[in-house]
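In this text, all values refer to a predicted model and were calculated from it rather than measured experimentally. Whatever order the structure lists them in is the order used to number ligands and atoms, beginning at 1.
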Amino acid sequence: MFDLILVADWSAAAKPTGPTPRKDAIWVCADLNGAQTTTYFPTRAKALAHIDGWLGQGHRTLLGFDFAFGYPAGFAQALTGGDSALDVWDWLSARVEDGPDNGNNRYDVAQDINSLFPGVGPFWGRPATLDLPDLPPTDRARADHGLPGRRAVEDVVPGAKPLWQLAYAGAVGSQSLVGLAALSKLRARWGEDLQVWPHQSGWQVPEARITLAEIYPSLWPVASAPIKDQGQVIATARALRRATPEWFTGPGAQPDAPRIAREEGWILGVQAAGDCYALPPGVHWTSVEDALATLREASPCRVGVEEVPLDQATGRILAAPVTAARSHPPAANAAVDGWAFAHGTLAPGPVPIAPGRAAAATTRAAPVPPGHALRIFTGAALPPGVDTVALQEDASATAEGLHLRALPKPGANTRPEAEDIATGDPILPEGRRLRPTDTALAIAAGLGRVSVRERLRVGVLSTGDEIIAPGAAGGGIHDVNRPMLLAMLDAWGLEAVDLGHVPDDASVLRATLDGSDVAAILTSGGASAGDEDHLSRLLTTEGSVQHWRIAIKPGRPLALGQWKGRQIFGLPGNPVAAFTCAALFARPALLQMAGAGWQVPPGRDVPAAFSKRKKPGRTEVLRARLRDGHAEVFASEGSGRVSGLSWAEGFVLLPDGAAEITPGTPVRYIPFQDLGLGTVG
Ligand code: AMP
Ligand code: MG
């Protein structure tokens, strides 16, 4: 859509950021028909001059800045008397002084604004040394200023910080104050050639040669680059290359859309779906079904075959179908204790008794002469010439012979040869994980050894500087995930390998990954894209990683990566989300890698014992259990509640549409048993 894409990562620094490229400074990526150049700037003035240079080349241009272009509802009107964000731009431009050396008066301007509003605020946050009584140092000191905390777009973009905060970690307010003053001047310089989306264009692609739009680099996984900010502008420019007119439709058709366009603005690339979810195109939320389909493709069997004796085979996965090596039973035999004879040969009266007896043995008794009966015991192979057994309770042996109270039917009380299994019958399929009963069947069918898959070795590591060993004293978070995940792997019959805990340090993480002798690794924590996440960063720069924002709650991003031949599942740090993602996504992929084929339990519909109004746009997984045939759910859906995991005996899975659930509504229940996580021994 654009020949030139300019992406600016802005900064409100009050001094030049120095000659050496660094983070938290201004970076601009210029992408001209796909060829990118990324430049660092120590001051805003230099960056703006550079941008003006590009704009002067006459290309059809998209120019993006990563700060909010508008403020929450009511601010523009109260401050300027006009109702557009552009009125605020001009108001700020007339008051913000921003020198060529970055020196600026933003805190004074914020205090002036605050003094125009009732109560205390809306702006807050300043260096303690500044004497500005109308600019409160803390959020809590604010009161009664009458303005909302957020813009509409900030409700759909997770992690966006409110604009009123000017200082301290993560603050974005200062960038807008100095940035909007600069944009007002930029507009003045470029006149009709430039249109601001959506304030001037509404929810469509501006017609002017230059489109100016708000962007948010955290929507996209950081590209590999020595400095994060640099990687972010590169990734954002790449993402914007894929823009379609749909990207400019903002919140879509809703009553408030014209006001949002005029007053608040929107982040380019964020689209609202349903009433709750932002779907940045190009990142888009992956549905559970799509995620599973991709995992299925991406996780072929990764292990070899070995032969093991059947007494060591339970729990292992069959590498080939098993067929019966001999029949079961191998010969016709007696089902009861009693008397054996050939039914058609008996004469009326007492039956002569043949000498000897037939008991369970590895050899067969001698033939029984026609008309004779032989004492026989359960399990004994029928001797030649015999086809029927009379129960011992129905017969009495006397000196004249055997008296039968009633003549049984021909063939009575015998088990025919191969009644259960015939030689060559298929008895167990490839991929079957052998249960004790399966081993029993294979042995009964004459097998001594079976071909099984080598065990898939799966490593587990925890990341995070805050993580401490279970039971350790002191501040920190006890490592819940690693023992839990190791035990889950064990329950699935995989060879769980403890790779320990790794601090947020790329070189330790690299060494741990390199040193692991495993086919796959489950990690927890540090897997998000865009924050200080070493796992993501390392995989991005030295391995490969794909971030999925799976439309599931709980879930957060799930990362799927590769590290030198090892498949990496980057699970969320939160134990509830880690458990859920491991059970629903890692399990089928790992089992397929282990040779067990693809298996996702379907669950079954049961009546709900709870009420819930579910929003559309994502699958929700609730911790649940069955009582009296009804699915109860844990009192809190908070994904920090480990207590709900232990309470639960299964999941209730609510598919991605909207739903109004009341007691009795059918819901899909998946017992942990079906996920291989029932009772474990
Ligand atoms: P992260 O994904 O690293 O941002 O972590 C999200 C949350 O999960 C944070 O509150 C972490 O402290 C917590 N967390 C991360 N790893 C673990 C773990 N192994 N056990 C328990 N909590 C964890
Ligand atoms: Mg962490």
Which is it for [X] and ligand 1 at heavy atoms under 4.0 Å: side chain, backbone, both or neither?
{"X": "H478", "answer": "backbone"}
{"X": "P575", "answer": "side chain"}
{"X": "V480", "answer": "both"}

**Report entry** N or O pair under 3.5 Å between P572 and ligand 1
**Finding:**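 Looking only at distances, the answer is no, because the N/O contact criterion of under 3.5 Å is not met.
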Query - N or O pair under 3.5 Å between E466 and ligand 1 - result: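 Yes, E466 has an N/O under 3.5 Å of an N/O on ligand 1.
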Would you mind running through ligand 1 and noting each atom that sits below 4.0 Å from a heavy atom of [X]?
{"X": "D479", "result": "18 (C), 19 (N), 20 (N)"}
{"X": "N574", "result": "6 (C), 7 (C), 8 (O)"}
{"X": "N481", "result": "16 (N), 17 (C), 18 (C), 19 (N), 20 (N), 23 (C)"}
{"X": "S462", "result": "19 (N)"}
{"X": "I477", "result": "12 (O), 21 (C), 22 (N)"}

Quick one: does [X]'s side chain get under 4.5 Å of [Y]'s, heavy atoms only?
{"X": "L591", "Y": "R433", "answer": "no"}
{"X": "L163", "Y": "V172", "answer": "yes"}
{"X": "R625", "Y": "F634", "answer": "no"}

Query raised in the report: Does F651 have its ring centroid less than 6.0 Å away from the ring centroid of F672?
Result: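 So the answer is yes for these two rings.
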Query raised in the report: Does the ring center of Y71 lie less than 6.0 Å from the ring center of W164?
Result: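 Centroid distance Y71-W164: below 6.0 Å, so yes.
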Report task. Step through the shown structure and confirm whether more than 12 heavy atoms of other residues, nucleotides or ligands are within 6.0 Å of CD on E660. Result ->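 Enclosed.
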Query raised in the report: Stepwise, does the salt bridge (Lys or Arg N to Asp or Glu O under 4.0 Å) test hold for E214 with R151?
Result: CA-CA 13 Å; E214 177 181 342; R151 297 183 295 159; 2.7 Å; yes
Query raised in the report: Does S524 reach ligand 1, in the sense of a heavy atom lying below 4.0 Å from it?
Result: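 S524: in contact with ligand 1 (<4.0 Å).
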Query raised in the report: Any salt bridge between R627 and E649, counting N to O under 4.0 Å?
Result: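 A salt bridge is present here (some side-chain N lies under 4.0 Å from a carboxylate O).
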